[in-house]
Every structure is written in structure tokens, then in C-alpha cells.
Asks: 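Here it is, the structure in full.
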Amino acid sequence: MRLHIFHVVGARPNFMKAAPVVRALACSDFLRQTLVHTGQHYDVNMSEVFFRELGLPAPDVNLEVGSGSHAQQTAEIMSRFEPVVLEHKPDLVLVYGDVNSTVAAALVCAKLLVPVGHVEAGLRSFDRTMPEEINRLLTDQISDLLFTPSIDGNENLLREGVAAEKMHLVGNVMIDTLIRLLPVAQEGTILTRLELQPYHYGLVTLHRPSNVDEPRMLASIMAALNDIGDDLPLVFPVHPRTRERLKTLEVRALSPCVRLIDPLSYLDFLALQRSATVVITDSGGIQEESTYLGVPCLTMRENTERPITITLGTSLLIGRDLTRLRDEVRRILEGKGKHGQIPPLWDGHTAKRIAEAIMNWGNLS
Ligand code: UD1
């Protein structure tokens with residue numbers, strides 16, 4: 001009997017996590033795989049370009065849910081995903097990260113008694129005002145296999161009563177993709193196209209509701225970026241949500257040194273990140289990628305579910321303190337930026353460990 005594995009992806013940060021797992025499982029004759037895209041992200045530059053660059057096969061099923069409130073989006077994914085599960089009867093459904101697609105798919109499966117594997121389990125910001133924290137907590141409670149990226153994940157899960165035998169400390173799967181594609185990214189031309197000198201620019205991304213949904217906060221951040229732009233040119237690929245918010249905002253004219261551009265593909269973004277002087281972000285994944293790349297990262301959040309990027313990595317939590325943001329950029333320009341180490345098991349072999357754990361679980365090894 002061949003084990004039928006579903007992968008459910010929906011939003012940009014899922015794609016680079018699923019790609020190595022799909023590749024690792026493709027090596028087995030005992031498995032067949034179905035890739036389900038919920039359609040949470042649907043713009044070409046938020047989804048399709050990632051499939052192409054990451055070598056992900058085209059989705060077998062696209063639920064095409066699109067945008068909506070959290071309740072609408074989650075409910076829509078659930079009601080469109082349930083008949084697909086009933087029809088295909090997968091043996092295991094893998095969900096990734098902490099987006100609405102993750103919790104929606106996990107909940108459908110738990111109710112249908114279909115086993116769920118959560119890739120990137122156990123991360124906690126301990127901030128329940130963050131939608132992703134709710135998604136993480138719920139998904140982990142109803143998952144059967146929990147693949148953690150670092151030991152803090154296991155500790156959090158144990159504290160929440162998750163049985164130790166369900167947990168597999170496998171490392172950071174997104175770093176598998178980074179390691180595989182960094183040489184390809186470095187052959188790209190994005191720096192030349194944007195007329196940037198390596199290590200002479202900062203890279204910015206912001207999309208969290210806590211930063212961009214409140215007009216005063218967003219205006220203050222843009223003013224701080226303007227100031228920083230006087231010392232260091234900034235490139236800011238703008239997430240569609242942030243683009244919407246910026247339209248309604250009366251920001252004083254942006255300095256030509258702060259360039260707002262469309263969201264970038266995986267390879268272009270990786271190339272820019274690799275040669276940046278500093279990364280300013282509120283993303284989870286970018287904190288990890290910059291830690292791996294050894295690039296100082298100023299994280300525009302009050303907390304992080306990825307504490308290892310602070311304790312071992314290059315990230316500093318800046319919160320909403322824009323004076324500190326300006327000061328830290330200055331320190332980095334003076335050559336006093338934070339140095340870090342690469343955390344254990346961020347070695348490019350995480351997907352292989354996930355595949356082995358799945359084979360053992362399915363008694364296939
Ligand atoms: C989602 C994830 C977040 C992740 C982020 C990465 C949740 C709760 N949040 O946030 O954890 O860090 O993805 O990008 O799942 N939009 C488009 N085109 C798209 C997608 C979105 O225009 O392809 C716009 C829509 O106006 C939409 C808004 O962006 O309403 C927000 O999209 P949504 O998927 O709800 O959340 P993200 O902010 O992208």
C-alpha cells in the first residue's frame with residue numbers, strides 16, 4: 001500500500017517550507033503526494049513565481065479562497081477543503097507554519113480523524129493578539145506529528161501537554177531551501193537592476209497588522225525610514241496589505257533613498273538579503289534567514305516566536321521604538337552590528353529528517 005500524503009500551502013511563507021519536504025518525499029516509492037493550494041495568496045508575485053523558482057509542482061488542487069476577514073478566510077478554506085479530504089482520503093496531511101490556511105486545514109482533518117503533521121511546530125510568541133499565535137496554538141493541539149525547528153519548540157509543546165513521542169526535533173526546513181538556492185540567487189541580476197552596491201543598502205519589509213494597520217504607527221515608521229535613508233539607501237519591497245495602507249496615508253514625501261518596489265521573487269529577495277548591510281523587518285522567516293546569512297536584523301516587533309534568532313542569531317527586537325531603530329542602524333554603520341551563530345540543525349537536511357520520521361510513522365522504513 002502506498003501512503004497518500006497531502007501538503008497544504010496557502011500563503012507566501014508556506015512555499016519555501018513545503019518545497020524541500022515535497023522533494024524529500026518524492027524519493028520514496030512507498031508514497032504518493034498531493035499538493036493543495038488554498039489560494040490565500042493569489043497574486044503572481046505572492047504565489048506563482050515561488051512555485052516556479054522553488055521547483056514546486058503545480059498544485060493538484062487549488063481552493064481559490066482569496067482574501068477575506070480571518071473568520072471568512074478560515075471558514076472558506078475549511079468548507080472547500082473538507083470535500084477534497086473526503087474524496088481523496090489522505091493518510092497524512094502536512095500543514096506548514098502559522099497562517100490561516102494551516103489552522104483551517106488542520107481543523108478539517110482533526111474532525112475527519114485524518115492524521116495531521118505540523119511542520120514548524122512549537123513556536124510561541126506568547127502574544128495572543130497576534131493571529132498567527134492563535135493559529136500555532138490550535139494547530140499544535142490537534143496535530144499528530146509535530147516537527148520542531150529548535151529545542152524551544154519542544155519545551156513549549158511539553159508545557160502545553162503535547163506528548164513527547166509526537167515531537168520530532170528536525171531543524172529549520174526553510175533553511176534547506178535557502179542553502180539549496182543561495183548559489184542560484186547569487187547569479188541573479190537584482191542588485192544591478194536596482195543599481196545597488198553590495199553592503200551599501202538596507203532591506204525593509206513590513207506587513208504585520210500591528211505595524212501597518214494603525215495609520216499613526218505606519219506614518220512614524222515611514223518617517224524613521226526617511227531619516228535612515230539619509231545615511232543608507234533603503235529598498236522596501238511592499239506587501240499588498242502594506243501597499244493598501246500606504247495609499248490611505250498622508251506621509252510626507254519619501255526621500256529618493258527609500259525605494260518602494262513590488263514584492264520580489266524568492267531568488268531576488270534572497271540575493272538582496274545576502275548582501276544587505278541591515279535588514280529591517282517584522283517577518284518571522286526573514287529573522288531566520290538573516291540569522292543564517294549573518295546579516296544584522298532589526299525586528300520591528302515587541303516579541304518573537306523565534307527566540308533563537310535573538311539568543312544565537314543576528315536579530316534584535318526593536319519593538320515600536322523608532323529612536324532605537326535609528327540608533328541601531330547607526331551602530332551597524334559604525335561596524336558595531338550584532339554577530340551571531342547558525343543555530344543547531346539549520347543545516348539543509350531538515351526535510352530529510354522529516355521524511356524519515358514520516359516513513360517510521362507509516363512503518364515504511
Ligand atoms: C499572511 C499570514 C502571515 C504571513 C503573511 C506573509 C495569516 C493570518 N497571516 O498575512 O502570517 O506572514 O501572510 O505574506 O495567515 N493580498 C493581495 N494579494 C495576495 C494576498 C493578499 O492583494 O496575493 C492582500 C489582500 O488585500 C489581503 C491582504 O493582502 O486582504 C492580507 O492578506 P492575508 O492573506 O489575509 O494576510 P497577510 O497579511 O498576507
Side-chain angles (χ1 to χ4, degrees), residues 8-18 37-52 54 59 62-78 80-81 95-107 118-121 123-125 127-139 174 177 204-214 217-218 236-249 260-266 269 273 279-290 297 299-301 303-306 309:
V8 180
V9 293
R12 185 170 60 178
N14 292 154
F15 307 137
M16 46 292 246
K17 295 169 193 167
H37 192 328
T38 65
Q40 177 174 346
H41 284 174
Y42 43 85
D43 287 355
V44 171
N45 59 10
M46 296 294 285
S47 175
E48 197 184 305
V49 67
F50 288 83
F51 275 71
R52 212 178 319 129
L54 300 171
N62 194 326
L63 305 178
E64 296 182 342
V65 294
S67 301
S69 70
H70 282 267
Q72 283 166 346
Q73 193 174 57
T74 309
E76 202 60 49
I77 297 167
M78 289 182 68
R80 294 187 192 197
F81 184 52
V95 297
Y96 295 85
D98 55 16
V99 301
N100 287 342
S101 302
T102 312
V103 70
L107 200 45
H118 184 202
V119 177
E120 200 185 76
L123 298 186
R124 297 291 179 267
S125 65
D127 174 2
R128 292 196 184 188
T129 64
M130 207 183 162
E132 292 81 1
E133 183 73 355
I134 308 297
N135 296 345
R136 293 181 203 114
L137 281 160
L138 299 184
T139 303
M174 208 180 55
T177 297
V204 181
T205 82
L206 297 165
H207 71 281
R208 298 253 160 238
S210 56
N211 283 326
V212 305
D213 284 4
E214 199 187 298
M217 181 62 192
L218 184 55
F236 183 172
V238 185
H239 185 284
R241 163 190 212 103
T242 312
R243 175 77 69 186
E244 280 300 308
R245 302 296 186 268
L246 282 172
K247 273 190 209 153
T248 59
L249 199 72
L260 305 188
I261 59 173
D262 285 338
L264 292 170
S265 75
Y266 180 78
F269 191 82
Q273 215 182 159
V279 172
I280 299 172
T281 190
D282 59 10
S283 151
I286 295 170
Q287 293 170 53
E288 298 180 331
E289 289 171 344
S290 54
C297 176
T299 301
M300 301 299 294
R301 291 179 39 188
N303 48 55
T304 177
E305 64 285 346
R306 300 161 209 267
T309 61

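In listed order, ligands and their atoms are each counted from 1. Position 1 is the first residue of the sequence; numbering continues from there. Because only heavy atoms are used, hydrogens play no part in the values below, and waters and symmetry mates are left out as well, while side chains stay in.
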Asks: Please work out which of Arg12, Arg208, His207, Arg241 has its closest non-hydrogen atom nearest to atom 4 (C) of ligand 1.
Replies: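 The option holding the nearest heavy atom is His207.
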Asks: For atom 2 (C) of ligand 1, what is the closest protein heavy atom, and at what distance to 0.1 Å?
Replies: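 The protein heavy atom lying closest is Val99 CG1, 3.7 Å.
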Asks: Just which atoms of ligand 1 are under 4.0 Å from any heavy atom in Ser67?
Replies: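 Answer for ligand 1: 25 (C), 27 (C), 30 (O).
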Asks: Using a heavy-atom cut-off of under 4.0 Å, does the side chain or the backbone of His41 touch ligand 1, or both, or neither?
Replies: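 The part of His41 near ligand 1 is both the backbone and the side chain.
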Asks: Quick one: which ligand 1 atoms are inside 4.0 Å of a heavy atom on Gln73?
Replies: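 So the answer, numbered in order with elements, is 34 (O), 35 (O).
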Asks: Applying side chain to side chain contact (heavy atoms under 4.5 Å, CB included), run through Arg136 and Glu305 and close with a yes or a no.
Replies: CA-CA 10 Å; Arg136 293 181 203 114; Glu305 64 285 346; 3.1 Å; yes
Asks: For atom 34 (O) of ligand 1, what's the nearest protein heavy-atom neighbour? Residue, atom name and distance, please.
Replies: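 Checking every protein heavy atom, the shortest distance to atom 34 (O) of ligand 1 gives Gln40 NE2, 3.1 Å.
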Asks: Is a side-chain donor-acceptor pair under 3.5 Å present for Ser101 with Tyr96?
Replies: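 No, because no side-chain N or O of Tyr96 sits under 3.5 Å from a partner of the opposite role on Ser101.
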Asks: Which atoms form the tightest heavy-atom contact between Val204 and Pro237, and what is the distance?
Replies: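 Taking every non-hydrogen atom into account, O-CD, 3.0 Å.
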Asks: Is a side-chain donor or acceptor of Asp282 paired with a backbone partner of Arg208 at a separation under 3.5 angstrom?
Replies: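 A pair under 3.5 Å: yes.
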Asks: Run the salt-bridge test on Lys247 and Glu244 with the 4.0 Å N-O cut-off and return the result as yes or no.
Replies: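 The answer is yes: the pair qualifies as a salt bridge.
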Asks: Could you tell me whether ligand 1 has any atom less than 4.0 Å away from a heavy atom of Glu132?
Replies: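 Within the 4.0 Å threshold, so yes.
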Asks: List every atom of ligand 1 that sits less than 4.0 Å from any heavy atom of His70, numbering the atoms from 1 in the order shown and giving each element.
Replies: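 Those qualifying, in numeric order: 8 (C).
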Asks: Counting distance only, does the side-chain N/O of Thr299 pair as donor-acceptor with the main-chain N or O of Arg301 below 3.5 Å?
Replies: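 Not a single qualifying donor-acceptor pair exists.
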Asks: Counting N and O atoms only, with roles assigned by atom type, does the side chain of Gln40 sit under 3.5 Å from a partner on the main chain of Gly66, one being a donor and the other an acceptor?
Replies: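 Such a contact is absent between Gln40 side chain and Gly66 backbone.
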Asks: Look at atom 17 (C) of ligand 1 and say which protein heavy atom is nearest, naming residue and atom and giving the distance to 0.1 Å.
Replies: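 Minimum-distance protein heavy atom for atom 17 (C) of ligand 1 reads Tyr42 OH, 3.2 Å.
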Asks: Run down the list Pro240, Ser283, Gly66 and name the one with the heavy atom closest to atom 24 (C) of ligand 1.
Replies: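 Closest candidate by heavy-atom distance is Pro240.
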Asks: If you have a sec, work out which protein heavy atom is nearest atom 18 (N) of ligand 1 and how many Å separate them, to one decimal?
Replies: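 Of the protein heavy atoms, Asp43 OD2, 3.1 Å lies nearest.
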Asks: Where the side chain of Arg12 meets the backbone of His41, is there a donor-acceptor pair that is under 3.5 Å apart?
Replies: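 Looks like no, no N/O pair under 3.5 Å.
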Asks: Hey, would you say the His37 and Phe15 ring centroids sit under 6.0 Å apart?
Replies: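 Ring-ring flag for His37/Phe15: true, centres closer than 6.0 Å.
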Asks: Among protein heavy atoms, which lies nearest atom 8 (C) of ligand 1, and at what distance?
Replies: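 Atom 8 (C) of ligand 1 sits closest to the protein heavy atom Asn100 OD1, 3.3 Å.
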Asks: Backbone, side chain, both or neither: what part of Pro13 comes under 4.0 angstrom of ligand 1, heavy atoms only?
Replies: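 For Pro13, only side-chain atoms sit under 4.0 Å from ligand 1.
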